[in-house]
Amino acid sequence: MTLNVLLITADQWRADCLSAVGHPLVKTPGADALAAEGILFERHYCQSAPCAPARASLLTGLYQMNHRVVRNGTPLDARHDNLALAMRRLGYEPVLFGYTDSAADPRECAPADPRLATYEGILPGFNQRLPMDSTAQPWLAWLRRRGAPVPEPGLDIYLPRHAAADPPSGAPSRYRAEDSEAAYLVEGLLDYIDERGSSPWFAHLSLIRPHPPWIAPEPYNAMYDPGAVAPFVRAASRQLEGDSHPYLAYALSAQRKSDFVHGAKGAVGEWNDADLRRLRATYYGLVSEVDAQIARVIGHLRRDGQYERTLIALTTDHGEQGGDHHLLGKLGYFEQSYHVPLILRVPGAAGNGRRVGAFTEAIDLMPTILDLLGAPVPRALDGVSLRPFVEGGVPRSWRDAAHWEFEFREVCGASAQTSLGISADECSLAVHRGARYKYVHFAALPPLLFDLERDPGELHDLSDDPAHATVRLQCAERLLAWRARHLDRTLTGIELTPRGPVTL
């Protein structure tokens, strides 16, 4: 039997926001049901942030140090393979509902090519069935066709109904839940599934929520009480948080309200705790809205008789700080930005129903899908197939740490470089996250070391503690060894000989 493949990503979904893992507030019955019948990977990490770098790793199976997409708008080198191209080689037509934020390689484009004017391009190999980008124009056109009122300018659709945007009010959006961006994309996916009939398909449903702007339709806007939001994980003040590292001081000063709430003005630091709890409650509501749409897709597959012949992967590109460490968005090195959900459901798999506590990474998704479909896994990939877990076993050897990278350089401007007094190529960090210790290495700024067993909130840097000097050295050596093992291997396993090419 040839399986259908459904890859679902919900943008900016942090790992703890699943009721299946015991979140005290957030309810996600759709994802929970999928996890109960599939495999929940509890220690899953993305490889970078924000969207474009994270998705580049997810869809190429490569660490950032190899694909080198370091920010939104960085071109993806055309030489790299990716999941969509690999699925084409297997006879599938990869269809995209949403976006991949893949900037085109300018060396492959004519000077006037419109792809050079956007970071929101399409990953090579995908046929984009329904677009969803920052202009929201395709979705707004869909709303107009449904008779929904759309303001001018169109993005004012994200202003709350009968309330000011700043400070956040928790008022409902101007559109109904059945008219949301998620509903628009899911509607298109369900039509496509019906069109395919019994023919195998590969679809990537790329949902924009719970990504900002943070406003939710009824009833999700009021689903969670801001007063019930747990205390934030952070230093006692923004000043103390910034004093802990130069990068944090810069990041805290640079965040703007408009990046998270449409119509708000000024610095994020001007919002008080009540505002931040309100934003977190709205974020939770958007998680539940997305979860309801995921349940809608699963229900359709069941009714259509396709659930038992569809491989489903549910994950995200990166997480969300949500006020922890006085930060919003996805950035830096904290767990909230990089620890993300992954649920795999493979029909008939022996591992269905289990939870996996081993470290897994976004780069593992491409080799896993190819391996489960019986296709060879390209040697160049940094990821490793999760098939042994899917089959109910445990790999003979497996990673004992997760790694990720983050670059904070600015190309169109240089405020990071100027503020920190370093060059663009020095605006980077890499993380070795082991079972107990977490080491953060900066190219030109002081390192950090955290004991996650005693300090899960990452509030006490031990990098200068003489008692932890050996631990710091060991972590640095392991980080260096990790980089050495994963340098680009596209051709390193081939040797040309008098007998012709010999492959490792």
Side-chain angles (χ1 to χ4, degrees), residues 11-12 45-77 80 100-106 119-121 123 211 242 245-256 259 316-321 325 327-340 361-363 382 402-433 438-448 458 476 479-480 482-484 486-488:
D11 200 319
Q12 214 149 315
Y45 288 82
C46 68
Q47 262 54 73
S48 190
C51 298
R55 290 170 186 272
S57 286
L58 177 74
L59 295 169
T60 66
L62 300 175
Y63 286 118
Q64 185 183 72
M65 63 180 175
N66 286 325
H67 65 63
R68 295 306 293 147
V69 176
V70 299
R71 58 180 295 119
N72 289 348
T74 304
L76 176 62
D77 193 322
H80 293 310
T100 59
D101 283 347
S102 305
D105 188 334
Y119 73 87
E120 297 179 290
L123 187 76
H211 187 286
H245 196 273
Y247 168 73
L248 277 186
Y250 163 73
L252 286 163
S253 69
Q255 293 206 310
R256 314 305 295 173
D259 291 333
T316 185
D317 48 0
H318 50 67
E320 162 59 43
Q321 286 298 129
H325 295 281
L327 293 166
L328 298 176
K330 56 280 184 183
L331 71 170
Y333 49 85
F334 293 119
E335 296 285 299
Q336 292 89 350
S337 285
Y338 299 91
H339 187 197
V340 296
E361 299 182 327
I363 54 169
D382 293 319
H403 296 89
W404 61 86
E405 302 160 275
F406 178 71
E407 296 213 6
F408 42 99
R409 71 175 70 205
E410 295 176 6
V411 177
C412 300
S415 65
Q417 295 94 296
T418 301
S419 297
L420 294 165
I422 57 180
S423 71
D425 289 333
E426 292 174 320
C427 292
S428 66
L429 64 87
V431 175
H432 170 88
R433 199 275 194 219
K438 180 175 183 177
Y439 175 70
V440 186
H441 189 90
F442 287 82
L445 296 173
L448 293 162
E458 303 174 69
L479 182 65
L480 182 60
W482 162 74
R483 293 185 70 87
H486 289 281
L487 293 172
D488 187 348

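We number each residue from 1, following the sequence as shown. This one's a predicted model, so the numbers in the text were calculated from it and none came from an experiment. Computation of the quantities below employed the complete heavy-atom set of this structure, encompassing side-chain atoms and omitting hydrogens, waters and symmetry-equivalent molecules.
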Exercise for the section: Mind running side-chain contact (heavy atoms from CB on, under 4.5 Å) on Phe334 and Leu248 for me, showing each step along the way? Expected result: CA-CA 11 Å; Phe334 293 119; Leu248 277 186; 3.7 Å; yes
Practice task
Using the side-chain contact (heavy atoms from CB on, under 4.5 Å) rule, take Arg433 and Tyr338 through it: C-alpha gap first, then chi angles, then the decisive distance, then the call.
Solution key: CA-CA 11 Å; Arg433 199 275 194 219; Tyr338 299 91; over 6 Å; no
Exercise for the section: Report the C-alpha distance between Leu62 and His80 in whole Å, list the side-chain angles of each, state the deciding distance to 0.1 Å, and finish with yes or no for side-chain contact (heavy atoms from CB on, under 4.5 Å). Expected result: CA-CA 9 Å; Leu62 300 175; His80 293 310; 3.5 Å; yes
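Pro447 places a side-chain heavy atom less than 4.5 Å from the side chain of Tyr439. Gln64 places a side-chain heavy atom less than 4.5 Å from the side chain of His67. Annotation: side chain of Asn72 is in contact with side chain of Cys51 (closest heavy-atom distance under 4.5 Å). Side-chain atoms of Cys427 and Tyr247, non-hydrogen and from C-beta on, never get closer than 4.5 Å to each other. Leu252 has its side chain within reach of Leu327: a pair of non-hydrogen atoms, C-beta onward, lies under 4.5 Å apart. Phe408 has its side chain out of reach of Arg71: every pair of non-hydrogen atoms, C-beta onward, lies at least 4.5 Å apart. You'll find the side chain of Pro75 stays beyond 4.5 Å of the side chain of Val69, heavy atoms only. Side chains of His318 and Gln12 form a contact here, defined as non-hydrogen atoms less than 4.5 Å apart.
When each of Lys330, Gln321, Glu320 is tested with Ser337 by the rule side-chain hydrogen bond (donor to acceptor under 3.5 Å, both in side chains), just one qualifies, namely Gln321.
A donor-acceptor pair is defined here as one N or O able to donate and one able to accept, closer than 3.5 Å; such a pair exists between the side chain of Gln47 and the backbone of Ala362. Under the 3.5 Å distance criterion, the side-chain polar atoms of Ser48 are left unmatched by any main-chain donor or acceptor of Ala54. A side-chain donor-acceptor contact under 3.5 Å links Gln255 to the backbone of Leu328. Of the possible polar contacts, one joining the Thr100 side chain to the Leu123 backbone as a donor-acceptor pair under 3.5 Å is found. Here the side chain of Asp488 pairs no donor or acceptor atom with the backbone of Asn66 at under 3.5 angstrom.
Ring orientation note: the planes of His245 and Tyr333 are nearly perpendicular, at an angle over 60° on the 30°/60° scale. Between Tyr63 and His486, the angle of the ring planes goes over 60°, which puts this pair in the perpendicular group of the 30/60° scheme.
The existence of a salt bridge linking Asp11 and Arg55 is confirmed by a sub-4.0 Å separation between a basic side-chain nitrogen and an acidic carboxylate oxygen. In summary, Glu405 and Arg68 do not engage in a salt bridge, as defined by a charged side-chain N under 4.0 Å from a carboxylate O.
Heavy-atom minimum distance, Pro53 versus Ala49: CG-O, 3.8 Å. Tyr250 and Leu420 make their closest contact through CB-CD2, 4.1 Å (heavy atoms, listed as atom of the first residue, atom of the second, distance).
The distance from the NZ atom of Lys438 to the CD atom of Glu458 is 3.5 Å, given to the nearest 0.5 Å.
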